[in-house]
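Notes follow the structure.
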2 protein chains.
Amino acid sequence: MYSECVSTSERLIESTRELLWERGYVGTSPKAILERAGAGQGSMYHHFKGKPDLALTAIRRTAEELRATAEAVLAGPGTPYERIEAYLLRERDVLRGCPVGRLTMDPDVIASPELRAPVDETIAAVRERIAGVVEEGKRLGQFAPELDGAEIAAAVLATVQGGYVLARAAGSPAAFDAGVRGLLALLSPRTPGVSDQPA
Amino acid sequence: MYSECVSTSERLIESTRELLWERGYVGTSPKAILERAGAGQGSMYHHFKGKPDLALTAIRRTAEELRATAEAVLAGPGTPYERIEAYLLRERDVLRGCPVGRLTMDPDVIASPELRAPVDETIAAVRERIAGVVEEGKRLGQFAPELDGAEIAAAVLATVQGGYVLARAAGSPAAFDAGVRGLLALLSPRTPGVSDQPA
DNA sequence: GTCTATACCCAGATAGAC
DNA sequence: GTCTATCTGGGTATAGAC
C-alpha cells in the first residue's frame, strides 16, 4: 500500500514493481495494481498507455536498482575472490527470488522485445562485471589461469538464479545457501599466495 | 494439438503439461487447454475436479518423467565426474527451460502445498542423487575430500536451473552452455589419478 | 462421456464527468 | 489529474441436454 507516499504515478510504479516481483507479469492485473496504489482506473491510463507501458517503467527501475546493487558489491573492497564471495553471500530475501530473473519465466515478457530488453541488459551487464573480476583474480594468481572469466561469471550468476529455484521449491532458503557454499568451495583460491582465510 | 491420440483425459493431461511448460500455471487457462486438446468444457469437468486438479495430475507426470531422465543419466556408465558431466551436458531444449523448475516462479503453485509437493520432491530427489555421485567421487579420489556432496549437488542443480534463466534473458542458449562449462572447469578432477580427458 | 448453454466475475481498456 | 461508468472478451465453473 503506497497510498501515503508521493505522487500517484510514483505509487503506481512502486505497486507494479512489488506485484511483478510477487506474481510476475501474467499474474499481475491492473486492478491489483490500482488497489495497492490506492488509485482509480483513470489515473493509470492518464500516466501510462496501459499495462505493458506501466510494467516497462517498473521493470526498468527494478533492473537499474539491481545493477547498482551488484555494482556496489563487485566494486567494493577486497580481493577478487572476496568480492565474488561478497556478491554470493550478500543478504537476499531468498524466498522472494530475483525480481529481474523471475521475469524470464514470464511468457509475455519473453514474447515482448521491449519488456525483455531491460532484463537482458541487466543480466548481461552483471555477468560482464563478474567476468572482469574473475579476470582480475587470474592476473593476481588467485584463480587458475585456465579458467574462463565469462564462463565462471555465468556459473556464478546461474548459481544465484538457480539457488532461488531450489529454495522456492523446498520452501526454505537452505538450498540456496548450500549451492552458494558449494560454488565457493570450488572457487576457493588454490594458490596459497592469497589467502581467503585471514586472522 | 493432441486431437488425434488416445483418450480425451489423456489429451487433456498432455495439453496441460505443454501449456504449464510454456506459460506456467497462472498463464494457463482451462479454455486454452480445451482448445489444444480438442475437447469441450464438459470433458474436463467430468474427468477432473477443475483446473488445480488437472494441473496436479499433469505436474506429477512431468515431475516423474524428469526424475527418470535424471536417474538414467546419473546411474549410467562412467566415473562420477563423467556422470555429472553427462547430466550437465545432456541435451536440453534450453530456451524452453525446466518444466518443473519454472513452476517455482508461479505464485499459485507456491501457495498450494499440493501443487508444490511434486516439484519439491523431484528437485530434492535429484539433488540427493547427485550428492551421492559426488560422495562416490570423493571416495574414488576424483573429488577433493573437503567438498560437501550435498553442497556441490545444490551448485550443480542451481547452475542448470539458473542457466535457463540466463539463456532465456539473452534469448540464446549460449549463456546456459557457458555456465555449465564454467562449473565443469571448477569441478574438473584435480587428482591426475583419474583423468577426464581420455584418448 | 461429451456437448452446449449459461452464469458470474475479472482483465484490460475507453469515455466523459468532475 | 482523478474519478466513476461502461464495454468487450476471457477465466472458471455449473447445469442439463444428448
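Just so it is clear, the model here is predicted, and its values are computed rather than measured. Below, chains carry the letters A, B, ... as their sequence lines are ordered, and counting in each starts from 1.
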Any side-chain to backbone donor/acceptor pair from [X] onto [Y]? Under 3.5 Å, distance only.
{"X": "A:Arg168", "Y": "B:Thr104", "result": "yes"}
{"X": "A:Glu135", "Y": "A:Gly149", "result": "yes"}
{"X": "B:Gln142", "Y": "B:Thr79", "result": "no"}

Using chain A heavy atoms and a threshold of under 4.0 Å, write down where along DNA chain C the contacts begin and end, 5' to 3'. C:dC10 to C:dT14
Mind checking side-chain contact (heavy atoms from CB on, under 4.5 Å) for [X] and listing every partner two or more places apart, or none if nothing turns up?
{"X": "B:Glu64", "result": "B:Arg67"}
{"X": "B:Pro99", "result": "B:Trp21, B:Thr62"}
{"X": "A:Val126", "result": "A:Ala70, A:Tyr87, A:Ile130, A:Leu157"}
{"X": "A:Leu103", "result": "A:Ile59, A:Val109, A:Val119"}

With clusters defined by side-chain heavy atoms of hydrophobic residues (ILVMFWY) lying less than 4.5 Å apart, directly or transitively, does A:Leu56 cluster with A:Ile110? no
Give the cluster check for B:Leu89 versus B:Val73: same hydrophobic cluster or not, with ILVMFWY residues linked at side-chain heavy-atom distances below 4.5 Å. yes
Kindly state each residue pair satisfying ring-ring contact (aromatic ring centres under 6.0 Å, His included) with at least one member in residues 164-189 of chain B, sequence neighbours excluded. B:Tyr164-B:Phe176
For A:Leu166 and A:Ala175 the tightest heavy-atom approach is CB-CB, 3.7 Å
Inter- and intrachain pairs under salt bridge (charged side-chain N to carboxylate O under 4.0 Å, His left out), touching residues 51-60 of chain A, at least two apart: none
Which pairs pass salt bridge (charged side-chain N to carboxylate O under 4.0 Å, His left out) with one or both residues in residues 97-115 of chain B, sequence neighbours excluded? A:Arg23-B:Asp108
Whole angstrom is fine here: how far is it from CD1 in B:Ile33 over to P in D:dG10? 16 Å
Considering the terminal five base pairs at each end of the helix from C:dG1-D:dC18 to C:dC18-D:dG1, what angle separates the two local helix axes, rounded to 10°? 0°
Tell me which residues in residues 51-58 of chain B lie within less than 4.0 Å of DNA chain D, going by non-hydrogen atoms. B:Lys51
Within residues 39-46 of chain B, find the residues that approach DNA chain D with a heavy atom at under 4.0 Å, and present them sorted by residue number. B:Gln41, B:Tyr45
Which residues in residues 22-32 of chain A have at least one heavy atom lying under 4.0 Å from any atom of DNA chain C? A:Thr28, A:Ser29, A:Pro30, A:Lys31
Distance, nearest 0.5 Å, that separates CD1 of A:Ile152 from CG of A:Leu186: 9.5 Å
Walk me through it: do A:Arg61 and A:Glu14 pass the test salt bridge (charged side-chain N to carboxylate O under 4.0 Å, His left out)? CA-CA 9 Å; A:Arg61 184 177 293 183; A:Glu14 289 301 314; 2.7 Å; yes
